[in-house]
Amino acid sequence: MKRLKIKEIIGGELIGTQVLVKGWVRTKRGSKNVNFIALNDGSTIHNLQVVADVEKFGEEFLKDINTSASLAIIGDLVASQGSGQAVELNATEIVIYGKADPDKYPIQPKKHSLEFLRENAHLRFRTATFSAIFRIRHAMAFAIHNYFNSKGFIYLHTPIITGSDAEGAGQMFRVSTLDAKNPPLLEDGSVDYSQDFFGKATNLTVSGQLEGELGATALSDIYTFGPTFRAENSNTARHLAEFWMIEPEMAFYELQDNMDLAEDFLKSLIKYALENCMDDLDFLSKRLQEEEKNKPMDERSMELIEKLRFVQENDFVRLPYTEAINILKDSKPYKKGKFQYPVDWGTDLQSEHERYLVEKHFKKPVILINYPKEIKSFYMKQNDDGKTVSAMDVLFPGIGEIIGGSQREENYDKLVKRMEEMGVPVHEMDWYLDTRRFGTVPHSGFGLGFERLMLFVTGMGNIRDVIAFPRTPKNAEF
RNA sequence: UCCUCAGUAGCUCAGUUGGUUAGAGCGGCGGACUGUUAAUCCGUAGGUCGUAGGUUCAAGUCCUACCUGAGGAGCCA
């Protein structure tokens with residue numbers, strides 16, 4: 001007999017037939033005559049109600065069916081007599097694969113704090129909340145590949161171990177097979193990496209962008225989607241030491257095209273979630289609303305599904321940095337001295353400023369462009385004004401920066417000059433500069449933090465809850 | 001890394017100006033009852049009060065250091 005997933009049978013089309021299901025027990029409600037087992041197999045947020053006759057199976061046997069025990073059940077699928085579900089399974093045969101000692105199993109059929117579940121991240125998949133999150137995460141990963149594939153982009157696998165330490169995107173994790181206690185030293189006392197595995201110092205990648213540019217300047221449109229590592233000591237709800245990033249890079253795209261793609265991309269991902277993950281989104285929305293009840297009125301945010309629809313249906317605001325500064329200088333909080341940090345042309349916007357623009361002033365996603373060149377990376381295209389670069393940051397309500405990107409500087413001389421000004425070792429970047437030496441083209445790209453997208457789509461507040469096994473400072477469990 | 005707050009039963013928390021035997025709800029276990037919906041009712045077990053020092057006749061409570069977590073900031077995706 002072929003096992004069916006619960007998702008396939010709760011619709012009710014198979015009522016009147018005999019089915020085989022396998023899964024884990026969420027709860028069991030006992031009684032003298034009949035037991036109700038809520039069975040979940042991860043295929044859907046919904047549980048299957050299994051009805052087990054006590055006389056038929058025996059009290060002793062049913063005692064081992066506790067929360068998280070694993071079962072195979074053959075039974076007759078019938079319309080439910082109760083009101084909580086459309087169908088239920090009258091069990092005729094139950095096999096217990098594995099018991100779960102209720103004295104020791106940590107996840108109880110009750111609401112747990114997210115902090116507690118984070119400490120039990122190996123078991124949190126068995127909760128409704130996390131099974132919903134990881135189904136959505138899968139759906140989003142699929143939607144990303146689907147989107148780029150439909151647009152003719154090539155999925156390029158950029159290296160995870162890199163020999164380049166000039167990317168400048170952040171602190172790196174060193175990759176080495178040298179003896180940490182007693183590494184070979186050079187005469188000046190520094191570590192001799194020529195004796196290391198790769199014959200040089202290597203690190204985990206902080207971005208696939210530079211390699212992505214190599215692909216784009218031949219294949220036209222590429223994207224990467226892979227793990228990225230930052231060794232920064234960031235302790236926030238928006239940062240991870242290991243996270244997943246999507247980095248498209250497009251030849252012949254200028255800043256305008258880059259913005260168009262970023263906006264269309266984000267909207268289509270949200271649309272995909274709304275069309276394919278409604279059960280899970282509904283569950284997460286209700287969960288959030290329960291939490292919001294405890295907050296004061298003015299701190300409550302928009303209902304999750306309403307928020308997703310809003311972003312999907314409305315155009316993002318596109319705003320030059322210089323105008324953003326003017327808006328901020330003209331704002332009430334600025335005039336009343338409510339901002340903690342100063343607002344001056346040439347300094348980077350602080351979280352409080354971004355939040356004001358997105359959440360108070362425009363009340364929708366904002367794409368900030370044309371930043372002062374001093375606060376952005378060397379590879380960004382220098383604008384004709386001599387002061388700004390063609391950078392773009394997409395800011396989302398509640399998340400902050402979800403995408404960072406730019407048109408790249410395609411002019412060899414300008415790029416090298418900028419690298420020298422910013423102290424980037426030009427001689428180590430010959431491979432990168434070859435894209436400008438040979439058949440250079442205008443091109444653009446951006447990076448989307450996958451977990452930041454997940455925060456927005458699921459409405460979760462902590463990035464550690466949208467990745468299966470979060471890696472953060474002082475934490476590499478499991 | 002900085003600021004603020006927290007750490008008491010398996011979980012979520014209460015614990016008065018320092019003062020006898022540390023409490024509740026949920027969960028577990030035992031029982032009753034019931035086509036139940038995180039069922040209900042009765043009973044019951046369960047604690048190195050984050051760790052290490054210190055102050056005191058007396059510390060869950062006060063002080064110091066450290067560890068861990070959360071919120072915010074910086075860095076960024």
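A, B, ... follow the sequence lines: proteins, then strands. Residue 1 opens every chain. Source: prediction; values computed, not measured.
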Base, sugar-phosphate, or nothing for [X], non-hydrogen atoms under 4.0 angstrom?
X: A:L240; value: base
X: A:G82; value: base
X: A:P102; value: sugar-phosphate
X: A:T228; value: nothing
X: A:F396; value: nothing
X: A:Q81; value: base
X: A:I403; value: sugar-phosphate
X: A:S234; value: base
X: A:E88; value: base
X: A:F243; value: base
X: A:H239; value: base

For [N], which nucleotide in any strand shown is its Watson-Crick or wobble partner with both distances under 3.5 Å?
N: B:G7; answer: B:C67
N: B:A58; answer: none
N: B:A45; answer: none
N: B:G27; answer: none
N: B:U20; answer: none
N: B:A14; answer: none
N: B:U37; answer: none

Ignoring backbone atoms, test whether [X] places a side-chain nitrogen or oxygen under 4.0 Å from the OP1 or OP2 oxygen of [N].
X: A:Q350; N: B:G74; answer: yes
X: A:T27; N: B:A38; answer: no
X: A:K63; N: B:G30; answer: yes
X: A:R29; N: B:A39; answer: yes
X: A:R238; N: B:G72; answer: no
X: A:R118; N: B:A70; answer: yes
X: A:N462; N: B:G71; answer: yes
X: A:R355; N: B:A73; answer: yes

Value in whole Å for how far the [atom2] atom of [N] lies from [atom1] of [X]:
X: A:L349; N: B:C75; atom1: CG; atom2: C1'; result: 15 Å
X: A:D465; N: B:G69; atom1: CG; atom2: P; result: 13 Å
X: A:N235; N: B:U68; atom1: CG; atom2: P; result: 10 Å
X: A:Q209; N: B:C76; atom1: CD; atom2: P; result: 14 Å
X: A:D64; N: B:C29; atom1: CG; atom2: P; result: 11 Å
X: A:I45; N: B:U37; atom1: CD1; atom2: C1'; result: 16 Å
X: A:Q49; N: B:A38; atom1: CD; atom2: C1'; result: 14 Å
X: A:E59; N: B:G30; atom1: CD; atom2: P; result: 10 Å

*Going through the checks in order, is the ring-ring contact (aromatic ring centres under 6.0 Å, His included) test met by A:H353 and A:Y334?*
CA-CA 9 Å; A:H353 306 140; A:Y334 180 80; 8.4 Å; no
[X] side-chain N/O to [Y] backbone N/O, donor-acceptor pair under 3.5 Å:
X: A:S234; Y: A:T236; result: no
X: A:E247; Y: A:Y223; result: no
X: A:Y155; Y: A:F225; result: yes
X: A:K286; Y: A:F283; result: no
X: A:K22; Y: A:L4; result: no

On a whole-Å scale, what distance lies between the [atom1] atoms belonging to [N] and [M]?
N: B:C3; M: B:U20; atom1: C1'; answer: 41 Å
N: B:G31; M: B:A24; atom1: P; answer: 23 Å
N: B:U55; M: B:A65; atom1: C1'; answer: 15 Å
N: B:C63; M: B:G72; atom1: P; answer: 27 Å
N: B:C49; M: B:A59; atom1: P; answer: 12 Å
N: B:A38; M: B:A6; atom1: C1'; answer: 27 Å
N: B:G19; M: B:C67; atom1: C1'; answer: 30 Å
N: B:C13; M: B:G27; atom1: C1'; answer: 14 Å

Closest approach to the side chain of [X], judged atom by atom: which nucleotide of [options] is it?
X: A:Q108; options: B:G74, B:C11, B:G35; answer: B:C11
X: A:Q85; options: B:C75, B:U36, B:G74; answer: B:U36
X: A:A237; options: B:C29, B:G71, B:G35; answer: B:G71
X: A:S351; options: B:G74, B:U1, B:A38; answer: B:G74
X: A:V34; options: B:G35, B:C11, B:G74; answer: B:G35
X: A:K474; options: B:G35, B:C11, B:U68; answer: B:U68

*Answer yes or no: are there more than 12 heavy-atom neighbours, outside A:E421 itself, under 6.0 Å from its atom CD?*
yes
*Select from A:P473 and A:E352 the residue whose nearest nucleotide in RNA chain B is closer to the 5' end of that strand.*
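Looking at RNA chain B, the more 5' nearest nucleotide goes with A:P473.
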*asked:* Assuming nearest nucleotide by heavy-atom distance, tell me which of A:G84 and A:D103 is located more 5' along RNA chain B.
replied: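 Result: A:D103.
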Going by an N to O cut-off under 4.0 Å, is there a salt bridge joining [X] and [Y]?
X: A:D344; Y: A:K329; result: yes
X: A:R287; Y: A:D282; result: no
X: A:R230; Y: A:E242; result: no

